[in-house]
Participant: 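Below is one structure. I have some questions about it.
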Protein chains: 2
Amino acid sequence: MAQAQILSKNQQIVLDIIEKAKGPLKAYSILFNVQKKGINAPQQIYRALDKLIEMGKIHKIESKNAFVACRNSNCEISKATAFSICESCEMVDEIIDVKLSKYLSSFSDKKGTKYKRFNLEFFGLCKKCK
Amino acid sequence: MAQAQILSKNQQIVLDIIEKAKGPLKAYSILFNVQKKGINAPQQIYRALDKLIEMGKIHKIESKNAFVACRNSNCEISKATAFSICESCEMVDEIIDVKLSKYLSSFSDKKGTKYKRFNLEFFGLCKKCK
DNA sequence: ATAACAAACGTTATATTATAACATTATATG
DNA sequence: CATATAATGTTATAATATAACGTTTGTTAT
């Protein structure tokens with residue numbers, strides 16, 4: 001049985017910050033925010049980020065080098081991620097859409113190759129900025 | 001009338017290198033490869049890259065911070081990109097699939113928002129590596 | 001042809017993002 | 001308990017990207 005994930009101290013600190021944030025956070029901005037908690041070096045942040053990504057607790061927004069909390073029930077969906085990104089205010093929303101996810105997960109290219117993971121980033125203007 | 005794009009000297013140098021390459025190229029690797037041609041500074045590379053991206057001549061592979069030539073007829077498709085990325089050999093292929101492209105271009109989220117641009121990256125093993 | 005503007009260039013410096021390497025401490029697991 | 005694995009702390013450095021400034025080249029409108 002896969003037991004409930006227990007996070008290490010640093011992992012928990014980093015996850016807390018990301019979950020509390022309104023938008024995507026950058027690694028060094030996380031670092032500056034946790035120096036009071038005794039985390040002093042980028043390595044400590046990046047190591048926590050790596051593990052949290054592995055666990056599916058957070059995602060990296062590749063086009064922004066920034067990190068957001070997963071709001072998709074921590075399931076295996078980290079292999080199938082989609083985001084909407086506002087080009088004006090930089091807001092990021094995770095898109096949870098079963099049809100889209102199924103469509104892409106079952107996509108096979110012209111050679112018939114299937115893929116085990118994908119990441120999709122949509123760009124546009126969010127409601128507020130429109 | 002939109003006249004045929006004429007590239008500047010540096011833009012042409014950078015594009016040539018990217019088009020000749022078998023795989024995605026990183027900015028600094030481009031830089032090292034063109035120093036004999038009198039390009040000495042990262043700025044010169046990044047400026048050329050930015051313009052080439054605007055023109056749709058190349059694309060950035062966000063998950064790799066690397067650049068590939070567009071093989072999709074330089075059309076407006078740079079607003080709708082999809083790639084397959086081999087997790088073993090790092091090979092990248094642009095996916096040209098009208099159905100996929102239409103599906104995603106017309107995608108609207110739960111709030112009915114449509115997006116004017118997207119980028120999709122699939123990960124798996126290429127034929128060779130399987 | 002030339003004035004005026006925009007685009008591209010060259011250069012130096014620096015900011016930002018990420019990893020290497022190594023010694024130590026904490027936590028599982030047999 | 002022994003020992004293996006994961007996490008930590010730390011210093012240093014690599015890799016990626018942009019700021020800022022002055023000059024040169026190319027375009028366009030007169």
Participant: Where the side chain of A:Ser106 meets the backbone of A:Lys102, is there a donor-acceptor pair that is under 3.5 Å apart?
Facilitator: yes
Participant: Respond yes when some side-chain nitrogen or oxygen of A:Lys26 is under 4.0 Å from OP1 or OP2 of C:dT16, and no when none is.
Facilitator: no
Participant: Rounded to the Å, how far apart are B:Leu52 CG and C:dA7 P?
Facilitator: 16 Å
Participant: How many whole angstroms separate atom CD of B:Glu54 from atom C1' of C:dA7?
Facilitator: 11 Å
Participant: Reckon B:Gln44 has a side-chain N or O less than 4.0 Å from the OP1 or OP2 of C:dC9?
Facilitator: no
Participant: B:Glu62 CD to C:dA18 C1': how many Å, rounded?
Facilitator: 16 Å
Participant: Does the plane of the ring in A:Phe118 sit parallel, tilted or perpendicular to the ring in B:Phe122? Use 30° and 60° as the thresholds.
Facilitator: perpendicular
Participant: Could you tell me the separation between the CG atom of B:Asp50 and the P atom of D:dT16, rounded to a whole number of Å?
Facilitator: 16 Å
Participant: Does the ring of A:Tyr28 meet both stacking tests against the six-membered base ring of C:dT17: centre distance under 5.5 Å and plane angle under 30°?
Facilitator: yes
Participant: If I take atom CD1 in residue B:Ile39 and atom C1' in nucleotide C:dA8, what distance separates them, rounded to the nearest angstrom?
Facilitator: 12 Å
Participant: Picking from C:dT17, C:dA18, D:dT18, which would you name as closest to the side chain of B:Pro42?
Facilitator: D:dT18
Participant: Is there a side-chain contact between A:Asn40 and the phosphate of D:dT8, meaning an N or O under 4.0 Å from OP1 or OP2?
Facilitator: no
Participant: Using the side-chain heavy atoms of A:Gln43, tell me which of these nucleotides is nearest: D:dA17, D:dT8, D:dT11.
Facilitator: D:dT11
Participant: Quick one, B:Leu49 and B:Ile18 - any side-chain contact, counting heavy atoms below 4.5 Å?
Facilitator: yes
Participant: For the side chain of A:Ser8, counting heavy atoms from C-beta on, which of D:dT18, D:dC21, D:dT8 is nearest?
Facilitator: D:dT8
Participant: Which nucleotide wins on minimum distance to the side chain of A:Arg47, given the candidates D:dA17, C:dT11, D:dG9?
Facilitator: D:dG9
Participant: Measure from CZ on A:Phe67 to P on C:dA18 and round the result to the nearest Å.
Facilitator: 6 Å
Participant: Got a donor-acceptor contact below 3.5 angstrom from the A:Glu94 side chain to the A:Arg71 backbone?
Facilitator: yes
Participant: State which of C:dT19, D:dA17, C:dT12 makes the closest approach to the side chain of B:Tyr46.
Facilitator: D:dA17
Participant: Look at the side-chain N and O atoms of B:Asn65 and state whether any lies under 4.0 Å from the OP1 or OP2 oxygen of C:dT17.
Facilitator: no
Participant: May I have the distance from A:Met55 (atom CE) to D:dA6 (atom P), rounded to whole angstrom?
Facilitator: 11 Å
Participant: Output the rounded distance in Å from NZ (A:Lys37) to C1' (D:dT8).
Facilitator: 17 Å
Participant: If you compare every side-chain N and O of A:Lys9 against the phosphate oxygens of D:dG9 (OP1, OP2), does one of them come in below 4.0 Å?
Facilitator: yes
Participant: Between A:Asp93 and A:Ser84, does any side-chain donor sit less than 3.5 Å from a side-chain acceptor?
Facilitator: no
Participant: Aromatic rings A:Tyr115 and A:Phe107: how do their planes relate, parallel, tilted or perpendicular, breaks at 30° and 60°?
Facilitator: parallel
Participant: Ignoring backbone atoms, establish whether A:Lys60 has a side-chain N or O less than 4.0 Å from OP1 or OP2 of C:dA18.
Facilitator: yes
Participant: Which listed nucleotide (C:dC9, D:dA17, D:dA7) is nearest to the side chain of B:Ala27?
Facilitator: D:dA17
